[in-house]
Amino acid sequence: MRMRPTLSWTPADGLPPGSTDLEPVIEALSTGGVLVLSGAGISTESGIPDYRGEGGSLSRHTPMTYQDFIADAQARRRYWARSHLGWRTFGRARPNPGHRAVAAFARHGLLSGLITQNVDGLHQAAGSEGVVELHGSLDRVVCLSCGALGPRRELARRLEEANEGFEPVAAGINPDGDADLTDEQVGDFRVVPCTVCGGILKPDVVFFGEAVPPRRVEHCRKLVREATSLLVLGSSLTVMSGLRFVRQAAQAGKPVLIVNLDPTRGDQHAVTRVALPLGTALSAVAGRLGIAVALEGSPSSGGEGPGVRGPHPG
């Protein structure tokens, strides 16, 4: 099934307002078997903006679609110029209290799994294991011709060599690692081909308009079937790639709990939506459960930085 490039939605009338009561989340985690589905909102406190929240990147930026990337060489040039610059900043991001709380819940056996819509690697950097990267990871690149996979750091090195002196100042960085640059700033940026076959390289992420690999979807569906409840963290659930798991859980009679400041497309399926910042909310939940959350930079917090690493780590 192809993921439609849905960029916005209108909240339905009659939905209850967000709550500040964390008791349902605490109760679900106390029971165990919780499957977490995280979105861009959990990484905003790490300096990575989300798409649709206040100040979200969609107000100034339209994400690259798979169709444009495939069909238009100039679109690929723009993408790689912006992504190459964004990679430098993206690689400096560090896990925040929300990421570290999720990792702590897992260490205490409260989670049955973790699915993330994010491509930033911050859950892994915080110490979470077995993370299902629904939309892939910016840490890898794939050739569209031969399928060869390679590390992003190697591509970054090749792009640096091919574009010596490329140092524009971006207006902002987006959740997909794409920097905001004008066409003038992109200029004649040089894109490099696959070293194996000379084909087109693409980050190993799911673009808007592209299908999530079927095996990955089925694995996530299996995780939903095996979970006791579903906890959504920082996702508007606008795109079907994540919303379908909320619908699946609700149809199976499993409680769906959402922590997100703004209304989501899945609110009608949820028993509650907690409208609090993720770091604040999850740290409070951990405290109520008597679970210590690792401090930034400690060994259990993934102080080495995220799986996504740019060529100029901070």
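Both backbone and side-chain heavy atoms feed into the values below; hydrogens, waters and symmetry mates do not. No experiment lies behind these values; they were computed from the predicted model shown.
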Report task. Can you run down the ring-ring contact (aromatic ring centres under 6.0 Å, His included) pairs that involve residues 92-119, sequence neighbours left out, and say none if there aren't any? Result -> H99-H123
Query raised in the report: What ring-ring contact (aromatic ring centres under 6.0 Å, His included) pairs are there with at least one residue in residues 140-161, not counting sequence neighbours?
Result: none
Verify, without hydrogens or angle tests, whether [X] (side chain) and [Y] (backbone) share a donor-acceptor contact under 3.5 angstrom.
| X | Y | value |
| --- | --- | --- |
| T65 | D68 | yes |
| D120 | L122 | yes |
| R77 | F189 | yes |

Query raised in the report: What's the spacing between M64 CE and S83 OG if we round to 0.5 Å?
Result: 10.0 Å
Query raised in the report: When rounded to the nearest 0.5 angstrom, what is the spacing between CG in L155 and CH2 in W87?
Result: 9.0 Å
Report summary line: The single option from E210, Q117, R216 that satisfies side-chain contact (heavy atoms from CB on, under 4.5 Å) with S241 is Q117
Report task. In sequence, state the C-alpha distance, the side-chain angles, and the governing distance for E23 and R288, and then conclude on salt bridge (charged side-chain N to carboxylate O under 4.0 Å, His left out). Result -> CA-CA 9 Å; E23 284 301 324; R288 290 284 301 279; 2.2 Å; yes
Report summary line: Going by chain and number, the hydrophobic cluster around V142 (ILVMFWY, side chain to side chain under 4.5 Å) further includes L149
Query raised in the report: For L261, which residues count as a side-chain contact (heavy atoms from CB on, under 4.5 Å) partner, sequence neighbours excluded?
Result: P277
Query - Set of side chain to side chain donor-acceptor pair (under 3.5 Å) partners for R158, sequence neighbours left out - result: none
Report task. Please list all pairs passing the side-chain hydrogen bond (donor to acceptor under 3.5 Å, both in side chains) test where one or both residues lie in residues 247-260, with sequence neighbours left out. Result -> R221-Q248
Report task. Answer yes when E160 and R157 have at least one side-chain N-carboxylate O distance shorter than 4.0 Å, and no when they do not. Result -> no
